[in-house]
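These notes are about the structure you will find just below.
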Amino acid sequence: MRSLLLGSGLLCNSGSRSFAWCRGMAKSKFEYVREFEVLDTCLRNCWVVVRVDGRNFHRFSDQHHFVKPNDIRALQLMNRCAENVMNELEDICLAYGQSDEYSFVFHKKSNWYKRRASKFMTHVVSQFASSYVFFWKEFFPDQAILYPPGFDGRVVLYPNEQNLKDYLSWRQAD
(Lines give C-alpha, C1' and ligand atoms only; values in the text may rest on other atoms or scores of the structure.)
Protein backbone atom coordinates (compact mmCIF):
# COMPACT_ATOMS: atom_id res chain seq x y z
CA MET A 1 0.00 0.00 0.00
CA ARG A 2 1.38 3.40 -0.97
CA SER A 3 0.21 6.76 0.29
CA LEU A 4 0.75 10.35 -0.71
CA LEU A 5 0.22 13.17 1.73
CA LEU A 6 -1.48 16.15 0.17
CA GLY A 7 -2.32 19.39 1.94
CA SER A 8 -5.12 18.68 4.38
CA GLY A 9 -5.54 14.99 3.67
CA LEU A 10 -3.95 11.71 2.72
CA LEU A 11 -4.27 10.10 -0.67
CA CYS A 12 -4.27 6.33 -0.17
CA ASN A 13 -3.53 3.66 -2.75
CA SER A 14 -4.98 0.32 -1.78
CA GLY A 15 -3.07 -1.54 -4.49
CA SER A 16 -5.41 -0.85 -7.36
CA ARG A 17 -5.48 2.28 -9.46
CA SER A 18 -8.26 3.78 -7.37
CA PHE A 19 -7.43 6.28 -4.69
CA ALA A 20 -9.49 7.15 -1.65
CA TRP A 21 -9.30 10.56 -0.02
CA CYS A 22 -8.80 10.24 3.72
CA ARG A 23 -9.32 13.54 5.51
CA GLY A 24 -7.63 14.27 8.82
CA MET A 25 -8.96 16.63 11.43
CA ALA A 26 -7.04 19.03 13.62
CA LYS A 27 -6.95 18.05 17.28
CA SER A 28 -7.45 14.41 16.36
CA LYS A 29 -6.15 11.43 18.28
CA PHE A 30 -3.16 11.43 15.92
CA GLU A 31 -1.83 14.82 16.98
CA TYR A 32 0.49 13.11 19.47
CA VAL A 33 2.88 12.33 16.58
CA ARG A 34 4.08 15.95 16.70
CA GLU A 35 5.81 15.04 19.96
CA PHE A 36 8.36 13.10 17.86
CA GLU A 37 9.61 16.27 16.16
CA VAL A 38 13.19 17.11 17.10
CA LEU A 39 13.71 20.33 18.99
CA ASP A 40 16.66 21.90 17.21
CA THR A 41 16.80 25.41 18.63
CA CYS A 42 20.09 27.22 18.02
CA LEU A 43 21.80 28.69 21.07
CA ARG A 44 21.01 32.33 21.71
CA ASN A 45 23.62 35.05 21.20
CA CYS A 46 25.49 33.02 18.60
CA TRP A 47 25.98 33.83 14.96
CA VAL A 48 24.03 31.32 12.87
CA VAL A 49 25.80 30.38 9.64
CA VAL A 50 24.15 28.28 6.97
CA ARG A 51 26.61 26.89 4.45
CA VAL A 52 25.17 25.73 1.14
CA ASP A 53 27.36 23.41 -0.91
CA GLY A 54 26.84 22.05 -4.42
CA ARG A 55 26.44 18.27 -4.51
CA ASN A 56 28.61 16.53 -7.14
CA PHE A 57 29.40 19.85 -8.76
CA HIS A 58 32.55 18.51 -10.44
CA ARG A 59 30.30 16.23 -12.49
CA PHE A 60 27.67 18.96 -12.95
CA SER A 61 30.26 21.48 -14.17
CA ASP A 62 31.84 18.92 -16.52
CA GLN A 63 28.50 17.90 -18.03
CA HIS A 64 27.52 21.56 -18.49
CA HIS A 65 30.93 22.45 -19.96
CA PHE A 66 31.88 25.10 -17.41
CA VAL A 67 35.10 26.94 -18.30
CA LYS A 68 37.94 25.93 -15.94
CA PRO A 69 39.06 26.96 -13.37
CA ASN A 70 36.18 29.40 -12.71
CA ASP A 71 33.40 29.92 -15.20
CA ILE A 72 32.35 33.57 -14.77
CA ARG A 73 28.77 32.72 -15.79
CA ALA A 74 28.55 30.06 -13.07
CA LEU A 75 30.01 32.42 -10.47
CA GLN A 76 27.59 35.18 -11.46
CA LEU A 77 24.71 32.70 -11.26
CA MET A 78 25.77 31.71 -7.74
CA ASN A 79 25.96 35.40 -6.80
CA ARG A 80 22.47 35.99 -8.20
CA CYS A 81 21.15 33.06 -6.16
CA ALA A 82 22.74 34.46 -3.01
CA GLU A 83 21.27 37.87 -3.73
CA ASN A 84 17.83 36.30 -4.08
CA VAL A 85 18.24 34.39 -0.80
CA MET A 86 19.19 37.60 0.99
CA ASN A 87 16.22 39.47 -0.50
CA GLU A 88 13.73 36.73 0.34
CA LEU A 89 14.84 35.64 3.80
CA GLU A 90 14.91 37.83 6.87
CA ASP A 91 17.83 38.50 9.17
CA ILE A 92 20.73 37.55 6.88
CA CYS A 93 23.44 40.15 7.36
CA LEU A 94 26.22 38.71 5.17
CA ALA A 95 26.73 36.19 2.40
CA TYR A 96 30.10 34.88 1.26
CA GLY A 97 30.65 32.62 -1.70
CA GLN A 98 33.51 30.70 -3.21
CA SER A 99 33.54 27.88 -5.73
CA ASP A 100 30.32 25.85 -5.41
CA GLU A 101 29.38 26.99 -1.92
CA TYR A 102 27.87 29.98 -0.16
CA SER A 103 27.74 30.89 3.51
CA PHE A 104 24.88 32.95 4.89
CA VAL A 105 25.31 34.67 8.25
CA PHE A 106 22.22 35.48 10.27
CA HIS A 107 22.21 38.30 12.81
CA LYS A 108 23.34 37.18 16.23
CA LYS A 109 20.06 38.33 17.78
CA SER A 110 17.86 36.77 15.09
CA ASN A 111 14.79 34.97 16.36
CA TRP A 112 13.70 33.89 12.87
CA TYR A 113 11.55 30.74 13.12
CA LYS A 114 12.36 30.64 16.84
CA ARG A 115 16.00 29.91 15.89
CA ARG A 116 15.19 26.38 14.68
CA ALA A 117 18.25 25.03 12.86
CA SER A 118 16.16 22.93 10.50
CA LYS A 119 14.17 25.99 9.41
CA PHE A 120 17.34 28.05 8.83
CA MET A 121 18.91 25.30 6.76
CA THR A 122 15.93 24.13 4.73
CA HIS A 123 14.74 27.61 3.82
CA VAL A 124 18.18 28.79 2.74
CA VAL A 125 19.04 25.63 0.77
CA SER A 126 15.66 25.40 -0.95
CA GLN A 127 15.64 29.10 -1.86
CA PHE A 128 19.19 28.83 -3.21
CA ALA A 129 18.52 25.65 -5.21
CA SER A 130 15.29 26.90 -6.73
CA SER A 131 17.00 30.20 -7.61
CA TYR A 132 19.78 28.29 -9.37
CA VAL A 133 17.30 26.62 -11.71
CA PHE A 134 15.09 29.72 -12.03
CA PHE A 135 17.96 32.05 -13.05
CA TRP A 136 19.91 29.51 -15.14
CA LYS A 137 18.77 30.90 -18.52
CA GLU A 138 19.81 34.43 -17.47
CA PHE A 139 23.46 33.30 -17.33
CA PHE A 140 23.42 30.35 -19.75
CA PRO A 141 20.97 31.54 -22.43
CA ASP A 142 22.20 29.10 -25.09
CA GLN A 143 22.59 26.07 -22.86
CA ALA A 144 19.82 23.92 -21.42
CA ILE A 145 20.19 22.71 -17.88
CA LEU A 146 20.51 18.93 -18.22
CA TYR A 147 19.26 17.98 -14.77
CA PRO A 148 18.45 19.73 -11.50
CA PRO A 149 21.55 20.42 -9.41
CA GLY A 150 21.67 19.27 -5.82
CA PHE A 151 22.76 21.30 -2.82
CA ASP A 152 23.29 20.30 0.78
CA GLY A 153 23.52 22.53 3.79
CA ARG A 154 24.64 22.68 7.35
CA VAL A 155 24.12 25.04 10.27
CA VAL A 156 27.07 26.11 12.38
CA LEU A 157 26.96 28.40 15.43
CA TYR A 158 29.74 30.82 16.30
CA PRO A 159 29.66 32.38 19.78
CA ASN A 160 31.68 35.51 19.05
CA GLU A 161 32.90 37.78 16.27
CA GLN A 162 36.43 36.35 16.28
CA ASN A 163 35.12 32.84 15.67
CA LEU A 164 32.96 34.17 12.83
CA LYS A 165 35.94 36.02 11.30
CA ASP A 166 38.05 32.88 11.58
CA TYR A 167 35.32 30.86 9.87
CA LEU A 168 35.16 33.32 6.96
CA SER A 169 38.95 33.36 6.73
CA TRP A 170 38.97 29.55 6.63
CA ARG A 171 36.41 29.52 3.79
CA GLN A 172 38.49 32.10 1.89
CA ALA A 173 41.69 30.09 2.35
CA ASP A 174 40.05 26.80 1.33
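- For the atom pair CG of Leu168 and CG of Leu94, the computed distance is 6.0 Å after rounding to the nearest 0.5 Å.
- Applying the salt bridge (Lys or Arg N to Asp or Glu O under 4.0 Å) test to pairs two or more places apart or on separate chains, those with a residue in residues 88-107 are Glu101-Arg171.
- Tyr113 is connected to Met86 through a chain of hydrophobic side-chain contacts under 4.5 Å among Ile, Leu, Val, Met, Phe, Trp and Tyr, so both are in one cluster.
- Counting non-hydrogen atoms of other residues, nucleotides and ligands closer than 6.0 Å to NZ of Lys165 gives a total of 12 or fewer.
- Residue pairs meeting the salt bridge (Lys or Arg N to Asp or Glu O under 4.0 Å) criterion with at least one member in residues 107-132, sequence neighbours excluded, are Asp40-Arg116, Lys108-Glu161.
- Criterion: ILVMFWY side-chain heavy atoms under 4.5 Å apart, direct or through other members. Under it, Phe66 and Phe151 are part of a common hydrophobic cluster.
- Nearest heavy atoms, Cys93 versus His107: CB-CE1, 3.2 Å.
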Item to check | Worked check of side-chain contact (heavy atoms from CB on, under 4.5 Å) between Arg44 and Asn111 | outcome: CA-CA 9 Å; Arg44 296 209 173 277; Asn111 199 32; 3.5 Å; yes
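- Applying the ring pair (Phe, Tyr, Trp, His ring centres under 6.0 Å) test to Phe106 and every residue at least two apart in sequence or in another chain returns Trp112, Phe120.
- Defined by atom type and a distance below 3.5 Å, a donor-acceptor pair is present between the side-chain atoms of Asn160 and Asn163.
- Within the 4.5 Å cutoff, no side-chain heavy atoms of Ile92 are placed close to those of Val50.
- Counting heavy atoms from C-beta on, the side chains of Val48 and Leu157 come closer than 4.5 Å.
- Annotation: side chain of Phe104 is not in contact with side chain of Val49 (no heavy-atom distance under 4.5 Å).
- Side-chain contact check for Tyr102 versus Asn79: some heavy-atom pair is nearer than 4.5 Å.
- Counting only heavy atoms from C-beta outward, the side chains of Trp47 and Pro159 never approach each other to under 4.5 Å.
- The CG atom of Leu146 lies 3.5 Å from the NE2 atom of His64; values are rounded to the nearest 0.5 Å.
- Other residues, nucleotides and ligands contribute at most 12 non-hydrogen atoms within 6.0 Å of the CD atom of Gln172.
- Considering OG of Ser103 and CZ of Arg154, their distance stands at 9.5 Å, rounded to 0.5 Å.
- Under a hydrophobic clustering in which Ile, Leu, Val, Met, Phe, Trp and Tyr are joined whenever their side-chain heavy atoms come within less than 4.5 Å, directly or via other members, Trp170 and Leu164 fall into the same cluster.
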Return all side-chain donor-acceptor pairs below 3.5 angstrom for residues 53-63, not counting sequence neighbours, or 'none' if the list is empty.
from  : atom 1 : to     : atom 2 : distance (Å)
Ser61 : OG     : Phe57  : O      : 2.9
Ser61 : OG     : His58  : O      : 3.0
Ser61 : OG     : Lys68  : NZ     : 3.2
Asp62 : OD1    : Lys68  : NZ     : 3.3
Gln63 : OE1    : Tyr147 : OH     : 3.3

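- Residues passing the salt bridge (charged side-chain N to carboxylate O under 4.0 Å, His left out) test with Arg51: none are found, sequence neighbours excluded.
- With a 4.5 Å cut-off on side-chain heavy atoms, Ile145 and Phe140 do not count as touching.
- Side-chain contact check for Asn87 versus Glu83: some heavy-atom pair is nearer than 4.5 Å.
- The structure places CD of Gln76 at 6.0 Å from CZ of Phe139, a figure rounded to the nearest 0.5 Å.
- Note on Val38 and Tyr32: separate hydrophobic clusters, where clusters join Ile, Leu, Val, Met, Phe, Trp and Tyr whose side-chain heavy atoms are under 4.5 Å apart, directly or indirectly.
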Show me the side-chain donor-acceptor pairs of residues 125-135 shorter than 3.5 Å, one per line, residues at least two apart or across chains.
from   : atom 1 : to     : atom 2 : distance (Å)
Ser126 : OG     : Thr122 : O      : 2.8
Ser126 : OG     : His123 : O      : 3.3
Ser130 : OG     : Ser126 : O      : 3.0
Ser130 : OG     : Gln127 : O      : 3.2
Ser131 : OG     : Asn84  : ND2    : 2.6
Ser131 : OG     : Gln127 : O      : 2.7

Item to check | Residue pair Val155, Cys42: steps toward the side-chain contact (heavy atoms from CB on, under 4.5 Å) verdict | outcome: CA-CA 9 Å; Val155 173; Cys42 295; 4.1 Å; yes
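- Residues Val105 and Val52 are members of separate hydrophobic clusters, defined by side-chain heavy-atom contacts under 4.5 angstrom among Ile, Leu, Val, Met, Phe, Trp and Tyr.
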